[in-house]
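Report on the structure given below.
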Number of protein chains: 2
Amino acid sequence: MNLRDLRYLLAVAEHEHFGRAAKASGVSQPTLSVQIRKLEDQLGVILFERASKQAAPTAACLQLIDHARGAVAATEALLASAQSLRDPLAGRFRLGIIPTLAPYLLPLIFAPLRAALPALEPEPWEDQTDALLDRLRSHQLDAALLATEVDGPDLTSRALFDEPFLAALPPDHPLAARATVAEAELSQDILVLSDGHCLRDQAIEACGQTAALGGALRASSLPTLMNMVAAGYGTTLIPGLAAGAAQDAGLTLRPLQGRPGRTLRIAWRTHFPRRVAVEAIGDVVAERMSSFARRAATGAV
Amino acid sequence: MNLRDLRYLLAVAEHEHFGRAAKASGVSQPTLSVQIRKLEDQLGVILFERASKQAAPTAACLQLIDHARGAVAATEALLASAQSLRDPLAGRFRLGIIPTLAPYLLPLIFAPLRAALPALEPEPWEDQTDALLDRLRSHQLDAALLATEVDGPDLTSRALFDEPFLAALPPDHPLAARATVAEAELSQDILVLSDGHCLRDQAIEACGQTAALGGALRASSLPTLMNMVAAGYGTTLIPGLAAGAAQDAGLTLRPLQGRPGRTLRIAWRTHFPRRVAVEAIGDVVAERMSSFARRAATGAV
DNA sequence: CTCCAATCATAGGCGGGGCCTATCAGATCG
DNA sequence: CGATCTGATAGGCCCCGCCTATGATTGGAG
């Protein structure tokens, strides 16, 4: 049985006339006669009472027609949905973002994203790198903004921009008097984020292993970390995009001599079919950040 | 687009694997790959994200799948309904019956009908001949039991049995002393049914035109008519199957010399597709009435 | 009563599309 | 690096739906 047959059935039932139903269906009358007859044979039910001037649906036909109408309506709903889903740049887009980036980047890219991709409905999801990668692999995310490379052939990533690290100091810290700070100097009393944050590992790698590491204090977020530094518990290293927030928290910022930093990337499943949307989002972010990268390259904060 | 395609879509979405979905669908894997690909082209939507070990439905696919499931479910419901509608001897059967026959025939044929056609659900509809013919022609009835021939090529009928007429008299009526009554004698003070009853016309035709005809009294049903006769307002002519009811009403019955009567027929639209059901009902009625016809032929009441 | 118009059914032929097997191409893993 | 599993591609076959032409009935007009 075929959807076409059901449409023919509905047409004949509506017109009660093979010829007119054929015209309405865009086929010849014999086609309709044959197909209806075949449908009757397949169902084992006489569908129409053929008289000289009309073809009236039988009682059995009337019972079946409701189901036929349902099937046809469902497929047309499917086609309509497909129509609206056709644009890969439209619809929900679940974008993971690491916590040390989300609150500082998102405000900057919302407007450009909306301008460049008006039909896209981005749904940000903030979580640590490993969680994002898990959700990406299990199809719970469409892409993710990370500060690390991805491993494995099932994921692919593209670099979007470089973000320098800055030394963050209490205003009364001895190093605050310096124009620039050496990474090794920071490591004396550096505080880092709690486990799982990629920024923790990157800070340690940039400044060298240290005994301090915040001691018993575990900062689970960048704002907490900055408040701890402002309270005089030590120093830290913050990503450039958080500079504004750090200054608002009363911290003194200084460039690092080795100009360490991290590369922000967008990652997606290699076979993800909406790659055009991924690239478009990447383009918007990279474009929006290019001015920041230029300013950072000249040493400005 | 095709129902088959939707089934394939559901199969792949369920198994997340082309090969297993193909096996479950009873086709080869290339067939499935090609058809899914064609469906994607038609819809303009990528339905599956093909990776090396799995084919995951895309978000768009998940939205479309509900509609696909609906369409497939509707067609399967249609097939199931057709299965149960397949037997023309099963299901509703709207049978019209004239009022001068219904209350006396129906009790006799209910049990035999149920025995011979257990799946049939007869729905009796009692009305006068013209109304029955109208409903028959407008497909509101499937067949009708009438006492007249039908006209026009759109209707067909078959004689089922002959029903003799009997003279019905008040017990103290002069004619009650006779063994048989001549029709002309009845016409002196005959009462007949109101307009629209075929029995009215048949009584008048059998006994000849008369001035009485019940005068201002209009009996709209046979029980009323019998009560009027029992009350001494006149005589009448009743169909044989009503003999029992007439005797219960206190009437005296006498055979008529010319042995007038009417032929009960079953009528249906010439093109009505459940003719087998019509004939089967006719057979049951004719069989049940054959004993009555034999007794009537010997003059017994 | 015959002819004509209308209706649905039937016949024959054409073409598209779905199905198959065989094979290719890429990924994964020992 | 080959073995294996995955989905994609190619070529050929055949069914089936479509068409036009025609037949069979019916009902109405002249």
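Below, chain A is the first sequence line, B the second, and so on; all start at residue 1.
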Exercise. Which part of the nucleic acid, if any, lies within contact of Y8(B), taking any heavy atom under 4.0 Å across all strands shown: a base, the sugar-phosphate backbone alone, or nothing?
Worked result: sugar-phosphate
For this session: Inspect the surroundings of CD in Q42(A) and state if more than 12 heavy atoms from other residues, nucleotides or ligands are less than 6.0 Å away.
Result: yes
For this session: Inspect the surroundings of CZ in R86(A) and state if more than 12 heavy atoms from other residues, nucleotides or ligands are less than 6.0 Å away.
Result: yes
Problem set entry | Side-chain donor/acceptor of S25(A) to backbone N/O of A22(A), under 3.5 Å |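 Checked: no pair found.
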Exercise. Is the side chain of R269(A) donor-acceptor paired with the backbone N or O of L136(A) at a distance under 3.5 Å, no angle test?
Worked result: yes
Rounded off to whole Å, could you give me the [atom1]-to-[atom2] distance for the [X] and [N] pair?
X: L47(B); N: dA8(D); atom1: CG; atom2: P; answer: 12 Å
X: R37(B); N: dT6(D); atom1: CZ; atom2: P; answer: 21 Å
X: K38(A); N: dC15(D); atom1: NZ; atom2: C1'; answer: 9 Å
X: D41(B); N: dG17(C); atom1: CG; atom2: C1'; answer: 15 Å
X: D154(A); N: dT28(C); atom1: CG; atom2: P; answer: 8 Å
X: Q35(B); N: dT9(D); atom1: CD; atom2: P; answer: 13 Å
X: H271(A); N: dA25(C); atom1: NE2; atom2: C1'; answer: 12 Å
X: I36(A); N: dG17(D); atom1: CD1; atom2: P; answer: 12 Å

With the threshold set at 4.0 Å, does a side-chain nitrogen-carboxylate oxygen contact exist between [X] and [Y]?
X: D162(A); Y: R262(A); result: no
X: R274(B); Y: D87(B); result: no
X: E16(B); Y: R50(B); result: no

Problem set entry | Phosphate contact (dC8(C) OP1 or OP2) by S33(A) side-chain N/O below 4.0 Å |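 Checking S33(A) against dC8(C): no side-chain N or O falls below 4.0 Å of OP1 or OP2.
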Exercise. Taking OP1 and OP2 of dA9(C), is either one under 4.0 Å from a side-chain nitrogen or oxygen of R50(A)?
Worked result: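 Answer yes for this pair, as a side-chain N or O of R50(A) is under 4.0 Å from OP1 or OP2.
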For this session: Run the numbers on E123(A) and L95(A) for side-chain contact (heavy atoms from CB on, under 4.5 Å), then give the verdict.
Result: CA-CA 6 Å; E123(A) 295 186 358; L95(A) 180 66; over 6 Å; no
Problem set entry | Contact list for DNA chain D against residues 15-25 of chain B - heavy-atom distance below 4.0 Å | H17(B), F18(B), G19(B)
Problem set entry | Shortest side-chain distance from R4(A), nucleotide among dA9(C), dC19(C), dG17(D) |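 The answer is dG17(D).
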Could you go through nucleotides 19-22 of chain D and list every protein N or O atom that sits under 3.5 Å from one of its N or O atoms, giving the distance for each pair?
{"from": "dC19(D)", "atom 1": "OP2", "to": "S28(A)", "atom 2": "N", "distance (Å)": "2.8"}
{"from": "dC19(D)", "atom 1": "OP2", "to": "S28(A)", "atom 2": "OG", "distance (Å)": "2.9"}
{"from": "dC19(D)", "atom 1": "OP2", "to": "T31(A)", "atom 2": "OG1", "distance (Å)": "2.6"}

Seminar exercise, completed: Sorted by position of nearest nucleotide on DNA chain D, 5' first, the leading residue of P153(B) and N2(A) is N2(A)
Exercise. Are a donor atom and an acceptor atom from the side chains of T148(A) and T129(A) found within less than 3.5 Å of each other?
Worked result: no
Exercise. Nearest nucleotide by nearest heavy atom, which residue falls closer to the 5' end of DNA chain C, Q42(B) or A51(A)?
Worked result: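 Of the two residues, A51(A) wins.
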